[in-house]
2 protein chains.
Amino acid sequence: MPIKAALETLACPYASDLLRRVGDKWSVSTIILLESGTKRFNELLKASEGISQRILTLTLRNLERDGFVERAVISNSTLHVEYSLTALGASLLSLMSGVIKWADQNRDLVKDARLKFDAIREDRFSSANK
Amino acid sequence: MPIKAALETLACPYASDLLRRVGDKWSVSTIILLESGTKRFNELLKASEGISQRILTLTLRNLERDGFVERAVISNSTLHVEYSLTALGASLLSLMSGVIKWADQNRDLVKDARLKFDAIREDRFSSANK
DNA sequence: CGGTATCCGTTGAGATACTG
DNA sequence: CAGTATCTCAACGGATACCG
């Protein structure tokens with residue numbers, strides 16, 4: 001039913017918007033890291049292997065902007081910033097859990113499809129490439 | 001439970017992969033267009049306002065490669081190509097229907113969060129920009 | 001009709017160095 | 001500690017022209 005509605009209004013801008021936000025390289029893994037509770041910037045940095053400081057900052061800002069993540073500066077003597085999921089972020093995470101489950105259940109089908117597709121393309125161009 | 005598992009294996013590559021594929025500009029709307037049945041290339045082109053031939057081709061190739069869409073060349077006198085969802089593609093679409101529903105239900109919360117966030121940033125930089 | 005080839009501007013992402 | 005600044009490279013997306 002939601003799909004029919006989306007079709008009638010031609011495309012579904014809100015879902016596209018969401019998927020583009022969450023379809024970047026680090027957003028989902030960051031949200032997942034925050035599932036187990038509040039984390040500091042450097043905790044997230046260490047837990048996300050391969051991310052740079054700059055990209056983590058951008059990722060967190062984007063998530064914060066959409067209301068999925070909350071940033072709290074703890075006023076101590078030393079600089080201390082804590083990130084946590086908002087209620088909306090937790091809701092998003094439970095949506096993502098469905099996606100994760102689906103991706104896991106169907107990963108072999110996707111893998112096989114790719115192998116098959118790439119093999120055919122390989123055949124088509126093998127003479128030209130050689 | 002799937003999230004816990006994903007956390008333990010550190011990140012969820014299959015879901016990230018899926019979201020990046022489906023997080024591009026045209027994949028979801030293309031899949032939605034194919035929900036109502038087989039479509040020809042130019043039907044999809046006309047139904048997707050703003051897309052170019054090249055991008056539609058790339059979008060369809062990617063969807064085909066992952067096994068979500070099937071391409072069939074109809075051997076008539078004139079060139080005729082039909083695209084349709086595979087079973088896997090239909091399954092993906094029903095997953096996406098959940099995403100579409102969520103995005104629709106929470107769009108105001110996201111919108112408000114953005115307005116608030118942007119207003120604060122505006123304040124912070126208004127003196128510098130003026 | 002259903003594509004490819006080419007070019008080109010914009011955005012995403014990483015490395016590195018510096019700072020309140 | 002938690003960022004910002006700057007630079008660089010690659011990927012994405014669009015315009016246009018051509019082709020079997």
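Note on naming: letters A, B, ... go to the chains in the order of the sequence lines (proteins, then strands), and numbering restarts at 1 for each one.
The CD atom of A:Glu43 sits 8 Å away from the P atom of D:dA2 (whole-angstrom rounding). Between A:Leu60 atom CG and C:dA13 atom P there is a gap of 14 Å when expressed in whole angstrom units. Spacing between atom CD1 of B:Ile51 and atom P of D:dC12 amounts to 14 Å, rounded to whole angstrom units. Rounded to an integer number of Å, the gap from A:Leu45 CG to D:dA2 C1' is 10 Å. D:dA2 atom P lies 8 Å from atom OH of A:Tyr83, rounded to whole Å. Atom pair A:Glu82:CD and D:dC1:C1' shows a separation of 13 Å (rounding to whole Å applied).
No N or O donor and acceptor, one from the side chain of A:Arg54 and one from the base of D:dG3, sit under 3.5 Å apart.
In this structure, B:Thr86 contributes its side chain and B:Gly67 its backbone to a donor-acceptor pair below 3.5 Å.
Residue contacts shown for B:Arg40 are limited to sugar-phosphate atoms, with no base heavy atom under 4.0 Å away.
B:Asp24 and B:Ser27 share a donor-acceptor pair across their side chains, judged by distance under 3.5 Å alone.
Where A:Thr57 and A:Thr78 each meet DNA chain D at their nearest nucleotide, the meeting point lying more 5' is that of A:Thr78. Both A:Trp26 and A:Gln53 lie near DNA chain C, and the one whose nearest nucleotide falls closer to the 5' end is A:Trp26.
Set against C:dG3, D:dG3, D:dG20, the side chain of B:Leu79 has D:dG20 as its closest nucleotide.
In this model, the phosphate group of C:dG3 is approached by a side-chain N or O of B:Arg71 to a distance below 4.0 Å at OP1 or OP2. For A:Lys25 and D:dA11, the shortest distance from a side-chain N or O to OP1 or OP2 is not below 4.0 Å.
Between A:Asp66 and A:Arg61, no side-chain nitrogen of the basic residue sits less than 4.0 Å from a carboxylate oxygen of the acidic one, so the salt-bridge criterion is not met. Classification of B:Arg114 and A:Asp17 as a salt-bridged pair holds, one side-chain N sitting under 4.0 Å from a carboxylate O.
Using five terminal pairs a side, the axes of the helix from C:dC1-D:dG20 to C:dG20-D:dC1 at its two ends make an angle of 50°, given in steps of 10 degrees.
Criterion: ILVMFWY side-chain heavy atoms under 4.5 Å apart, direct or through other members. Under it, A:Phe41 and A:Leu79 are part of a common hydrophobic cluster.
How far OH of B:Tyr14 is from CZ of A:Arg107: 4.0 Å, rounded to the nearest 0.5 Å. Once rounded to the nearest 0.5 Å, the distance linking CG of B:Asn106 with CG of B:Asp112 reads 11.5 Å.
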